[in-house]
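A, B, ... follow the sequence lines: proteins, then strands. Residue 1 opens every chain. In this text, all values refer to a predicted model and were calculated from it rather than measured experimentally.
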Protein chains: 2
Amino acid sequence: MSNKRENISMSVIRRLPRYYRFLGDLLKHGVTRISSRELSQRMGLTASQIRQDLNCFGGFGQQGYGYIVDQLYREIGKILGTDKRRRAILIGAGNLGRAIANHMAFETRGFDLIGIFDQNPNLIGQVIKGIPVQDSRGLEEFCSRNHPAVAVLCIPRESTHEMATRLTKLGIKGFWNFSHYDLSVHFPDAVIENVHLGDSLLTLSYRVSELERKE
Amino acid sequence: MSNKRENISMSVIRRLPRYYRFLGDLLKHGVTRISSRELSQRMGLTASQIRQDLNCFGGFGQQGYGYIVDQLYREIGKILGTDKRRRAILIGAGNLGRAIANHMAFETRGFDLIGIFDQNPNLIGQVIKGIPVQDSRGLEEFCSRNHPAVAVLCIPRESTHEMATRLTKLGIKGFWNFSHYDLSVHFPDAVIENVHLGDSLLTLSYRVSELERKE
DNA sequence: TAGATTGTTAATCGATTAACAATC
DNA sequence: TAGATTGTTAATCGATTAACAATC
């Protein structure tokens, strides 16, 4: 069943979390069964696409019946890796870093935030979500002891490249990158998930302008 | 020149901020001229795509020469609307809201943050980036007086739908939505830019798992 | 002029949608 | 069994890439 997945396209992968979110919501509302057609209407896409997407990973439905919400939810969770426990560290305890640490439910998504680092002496020692901010200089020792798999980068653009190089050497395999720096171009082999908030805001700007042009 | 743009595809639009970012960087480094080929290598895409993309909006290059960085940068800025002044308000002064208000350079992207709102009495009155947090109940009056065009939503999932309905009535045309709620499905006519941080983290989780599977 | 590089058309590739046989 | 809905193949649509004539 799960050996089907080879070369799943990015378009499909990026839809999975959304399916997961909608199914979780249905589950919470006590819906036990759903057809691709009904789910498609709720999500604003085609039933065909949903069936196509899900069948990249296996046949989770029953012909003539549909999908069992609870079962599908858990299957997608497994596909996404929410059942794993991966250690994550966060670099940069500024405004954004603190907000991410406090706000993000890492645990429900398969991650354990085990360390927060910064180089600013004023921030070192502060406790965020029960985790004390450590001096970045201690990264090497911390990583060799605790083996985090993933790093959340909330640092300025300028220091991102160097930090990523350093962390790659320490065994970090995945980056959740909030800096306005295109890591992916320079680290083609690492798993990099960029959150370019600035780009997102500019897209909004474009689309609002477009709206005005139409009027 | 700018009357060319009709039905630009989302794929193109989403690449524009990235071009803008790279060109800004070249500019800062004193590069005056660049060919589509060189830019493509730096950005990790094809020269063909760059030329194709830019020509959706006009012929900004010179045959045999390439593009003048400074000029192209400003053209794309205009396309994105960074030269406009749009009023924005932020709803929800929790962890995330505060971080966005403090961290985001709204000004350089065509937006002026003119108000911050929350319903929590402990937050009301606090000053964030020189802007005092106001009681959400005052939204109606504030909007009829100041006419903001865009709202940044940093509120819980549950209150998002109601708040968007309310803000739409107050003339808000665009939403920068940080809540885990799919506004776009329910407000098909509004301009909505979702930042689903949870989805992004789950995508990272999937891709890290994938990496392990391959080993 | 010769060389370089654009703008643009045509070819290819991939993703989405439609259709339908399989089957619960 | 009849009706419903999946899984899957085929058709369509759109986006990316290649090619090349136009031109600086």
**Request:** With heavy atoms under 4.0 Å as the rule, sort B:Ser48 into base, sugar-phosphate or nothing.
**Result:** base
**Prompt:** What is the distance from CD of B:Gln49 to P of D:dG14, rounded to the nearest Å?
**Reply:** 17 Å
**Item:** Distance test, side-chain N/O of A:Arg51 to OP1/OP2 of D:dG7, below 4.0 Å
**Value:** no
Please write out each protein N/O paired with an N/O of nucleotides 21-24 of chain D under 3.5 Å, distance rounded to 0.1 Å.
from: D:dA22; atom 1: N3; to: B:Gln63; atom 2: NE2; distance (Å): 3.2
from: D:dT23; atom 1: O4'; to: B:Gln63; atom 2: OE1; distance (Å): 3.2
from: D:dC24; atom 1: O4'; to: B:Gln63; atom 2: O; distance (Å): 3.4
from: D:dC24; atom 1: O2; to: B:Gln63; atom 2: O; distance (Å): 3.4

**Asked** Think A:Arg15 forms a cation-pi with A:Phe22, using NZ or CZ under 6.0 Å from the six-ring centre and within 45 degrees of its axis?
**Response** no
**Message:** With a 4.0 Å limit, can you tell me whether B:Arg37 has a side-chain N or O closer than that to the phosphate oxygens OP1/OP2 of C:dT6?
**Reply:** no
**Asked** Within this structure, what is the CD1-to-P distance between A:Ile34 and D:dT5, rounded to whole angstrom?
**Response** 11 Å
**Minimum-distance nucleotide to B:Gln52 side chain [options: D:dA15, C:dA10, C:dT5]** = C:dA10
**Request:** Going by the side chain to side chain donor-acceptor pair (under 3.5 Å) test, name the single residue among B:His161, B:Arg157, B:His196 that passes it with B:Tyr181.
**Result:** B:His161
**Request:** Report yes if at least one side-chain N or O of B:Tyr67 is closer than 4.0 Å to OP1 or OP2 of C:dA4; otherwise report no.
**Result:** no
**side-chain N/O B:Thr46 vs D:dT16 OP1/OP2, d < 4.0 Å** = no
**Prompt:** Dot-bracket for DNA chain D, 5' to 3', counting Watson-Crick or G-U wobble pairs under 3.5 Å, with [ ] for crossing pairs and | for inter-strand pairs?
**Reply:** ..||||||||||||||||||||||
